[in-house]
Amino acid sequence: MNATYVLKSSAIFNGTAPNTFSGGVVINGNKIVGIFPVNMLNSYIDEKTKVIDYGNKLIMPGIIDSHIHFGQAFDFLDPTYCIDIGSATTIEGIMKMMLDFAAEYPDNPVVYGTDFNYFNLDPVVIPDARLLDTYFPDRPVLIQTWETHTYYANTKAMQLAGFTKDTPDPNNGIGKDTNGELSGVFNDTVAFALQKIVQRPASQRHNSLINFMNILNKNGITAVGDMYPCGTEKPYPLYKEMEDKLTVRINFYPELLSFTPADIVEYKRIYNSPMLQFSGLKNLIDGVISVHTAWMSEPYYNDPSTKGYPAVPPEKVREKILEAAALGVNVRIHTIGDAAVHYVLDAFEESKKKYGLLPRRNVMEHLEYVRDEDVPRFAELNVVCDMQGRHITFYVDEGEKIMGSRAKLAFRWRDILDAGTIIGTGSDYPVVSFSPARCIYAAVTRQHEDGHPKGGWFPKQRVTLAEALRTYTWGSACALNREKDLGTLDPGKFADITVLDRNLFTVPEDDILNMRPVMTMVDGKIVFQSV
């Protein structure tokens, strides 16, 4: 057999092994033939074979971001669409950035700011409607927080979205002041409803989609798990329309709570190619720890008045999990607090008793706080834990303040792996950057990028470099239920490959942050190559 490509290196990571191999990856068309020692490569090479010698650069399976809000956020890197306010350290700085943006784009229907993080502000100020109206009395303004679970709106934005003080609020997400008037603060599922006022029609999103895929390829990313929510206009027809232009494999997950059996039939009929697949259903059941909306079994240390709460009716989530299981459809559930984790595991256990283990794995997302008794249950129920390394960094300084001594139960990567569970990973973009370097570094060190705290935050939960890379390759392929054709460099799998500019196995941990892809291949085609 003559190869299309032979990629040589002294450092080849196959996706699962604890170390690297020396030799070459042989590719024929869009499939991997295998990894072979140097003395066997010539038998695959002829005058048409492209041979690239990467020296000691790391060749690895394509990086899979198995949790990204792709459909919701691929516009975010379009500078005409929104302004990233995450770098601001004062509310005045934020308002200046947004006023400048508003002046530059006077025809935008909404002045939209993203990545707001009150942890960065000194003093902390919440941009509620009263404050926003002071700066923007005449134009709708919407601010999205870094974790995407809270939005702040001025009066014009609330009117545009159709919110009034009498709008039903079954999940307790609409903020009100002491007089019962709208405060402009919206949490969790009700906050997602505000996306409709900033959602652009599909006809205006083509260039943003291509630009975003190019940027992901530049970061070594070859496939994504596209998580609901995705705004009011589903992007899936747009993906289908542009299927022959896709340079990232899209595996998408519509909303669990609203699906019908007819939806499943249509999704499976239309979206079933190697580049674009309906991959299951997704929903959240709780919020986030930072604003006390994650559903915990005990009160928060810094606010004993609350344990958080379900963001949607838990019984409805359970019913839809069982309904999906009856149809053989896997689900992915956002579970951050320990009460949320326990409830969903119980639902999966009930599903197993009724229907047996599904041929496709269910997945639980984030798992930021897990009690001891639930750690072994993931493996027992064949559940993948999809956890995001960089989320750890948000609690290095704040975790004990929020959770007290129970913070030791947060982000239990080591315990979960040691219990035999598969961990997949990703960025959760736009919550954090989709940079794999930053996510891998956080999982390996449990430190901020400036190196604190020394030794890592609860360092017993650190993972090795090989384990972190495995979560981004084979583990994420398992989360997408695509481990048969993605995630390793095994023979017969699709030729999705990332080459990094250094061998991560031989550099200091802090050098992980400096890694850069030099080549990205998807389906046997080079989609990014540095000069």
Side-chain angles (χ1 to χ4, degrees), residues 1-64 217-223 244 246-249 273-275 436 464-478 480-507 515-531:
M1 178 191 297
N2 295 321
T4 310
Y5 284 96
V6 172
L7 309 180
K8 295 181 178 180
S9 175
S10 62
I12 302 172
F13 174 68
N14 73 354
T16 57
N19 46 31
T20 60
F21 304 90
S22 180
V25 181
V26 176
I27 299 155
N28 186 40
N30 69 341
K31 296 290 183 70
I32 293 168
V33 178
I35 301 171
F36 300 95
V38 171
N39 62 5
M40 293 181 61
L41 295 177
N42 284 341
S43 61
Y44 294 97
I45 297 172
D46 66 9
E47 67 278 1
K48 295 181 180 179
T49 304
K50 178 69 171 177
V51 179
I52 308 176
D53 191 338
Y54 286 107
N56 64 352
K57 296 179 174 65
L58 185 65
I59 298 176
M60 61 182 286
I63 295 171
I64 301 172
N217 292 154
K218 188 176 181 179
N219 281 269
I221 295 169
T222 60
D244 62 344
L246 297 181
T247 61
V248 172
R249 298 186 194 273
S273 78
M275 291 301 297
T464 68
L465 174 68
E467 288 169 333
L469 292 177
R470 188 161 68 238
T471 67
Y472 248 128
T473 52
W474 177 77
S476 284
C478 290
L480 301 179
N481 284 284
R482 297 201 62 179
E483 70 274 14
K484 291 181 180 179
D485 56 16
L486 301 177
T488 68
L489 300 180
D490 291 333
K493 292 195 175 183
F494 287 121
D496 291 7
I497 295 173
T498 300
V499 182
L500 302 180
D501 65 351
R502 67 202 67 203
N503 180 1
L504 297 184
F505 288 83
T506 61
V507 301
M515 79 178 204
R516 297 289 182 273
V518 297
M519 192 277 282
T520 306
M521 176 180 284
V522 177
D523 209 42
K525 303 179 184 69
I526 293 176
V527 294
F528 167 76
Q529 191 164 220
S530 64
V531 179

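Sequence positions, counted from 1, serve as the residue numbers for this chain. In this text, all values refer to a predicted model and were calculated from it rather than measured experimentally.
- Annotation: side chain of P61 is not in contact with side chain of W474 (no heavy-atom distance under 4.5 Å).
- With values rounded to the nearest 0.5 angstrom, N19 atom CG is found 8.5 Å from N14 atom CG.
- Y54 is listed as a side-chain neighbour of I59, based on a closest heavy-atom distance under 4.5 Å.
- No donor-acceptor pair under 3.5 Å is formed between the side chain of D523 and the backbone N or O of K525.
- Residue T4 holds its OG1 atom at 13.0 Å from NZ of K50, rounded to the nearest 0.5 Å.
- The shortest distance between side-chain heavy atoms of T520 and I526 does not fall below 4.5 Å.
- Rounding to the nearest 0.5 Å gives a distance of 10.5 Å between CD1 of I35 and OG of S9.
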Please walk me through it: do T247 and N217 pass side-chain hydrogen bond (donor to acceptor under 3.5 Å, both in side chains)?
-> CA-CA 8 Å; T247 61; N217 292 154; 2.7 Å; yes
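- Both tests hold for K31 against F494: distance to the six-membered ring centre under 6.0 Å, angle to the ring axis within 45°.
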For side chain to side chain contact (heavy atoms under 4.5 Å, CB included), just list the numbers for V6 and I52, CA-CA rounded to whole Å, side-chain angles, deciding distance to a tenth of an Å, and then say yes or no.
-> CA-CA 6 Å; V6 172; I52 308 176; over 6 Å; no
Show the numbers, then the answer: is there a side chain to side chain contact (heavy atoms under 4.5 Å, CB included) between K57 and N503?
-> CA-CA 5 Å; K57 296 179 174 65; N503 180 1; over 6 Å; no
Kindly determine whether V51 and K8 satisfy side chain to side chain contact (heavy atoms under 4.5 Å, CB included), including the steps that lead there.
-> CA-CA 8 Å; V51 179; K8 295 181 178 180; 3.9 Å; yes
Report the C-alpha separation of I497 and I27 in whole Å, then their side-chain angles, then the decisive distance to 0.1 Å, and conclude whether the side chain to side chain contact (heavy atoms under 4.5 Å, CB included) test is met.
-> CA-CA 10 Å; I497 295 173; I27 299 155; 3.5 Å; yes
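- The distance from atom CG of L480 to atom CG of D485, rounded to the nearest 0.5 Å, is 10.0 Å.
- Interatomic distance, R516 CZ to S530 OG, rounded to the nearest 0.5 Å: 11.5 Å.
- Put simply, the side chain of T20 never gets that close to the backbone of A11: no donor and acceptor are under 3.5 Å apart.
- The shortest distance between side-chain heavy atoms of L500 and M60 falls below 4.5 Å.
- Applying the salt bridge (Lys or Arg N to Asp or Glu O under 4.0 Å) test to pairs two or more places apart or on separate chains, those with a residue in residues 493-502 are R249-D496, R502-D511.
- V26 places a side-chain heavy atom less than 4.5 Å from the side chain of F36.
- Applying side chain to side chain contact (heavy atoms under 4.5 Å, CB included) to T498 and the options L58, T222, V522, I221 leaves one that passes, T222.
- Once rounded to the nearest 0.5 Å, the distance linking CG of N219 with CZ of F528 reads 8.5 Å.
- When the options I63, L504, T464, T16 are evaluated for a side chain to side chain contact (heavy atoms under 4.5 Å, CB included) with L469, the one that passes is L504.
- Checked by atom type and distance alone, the side chain of S476 pairs as donor or acceptor with a backbone atom of I64 at under 3.5 Å.
- Residues F13 and F21 place their aromatic rings such that the two centres sit no closer than 6.0 Å.
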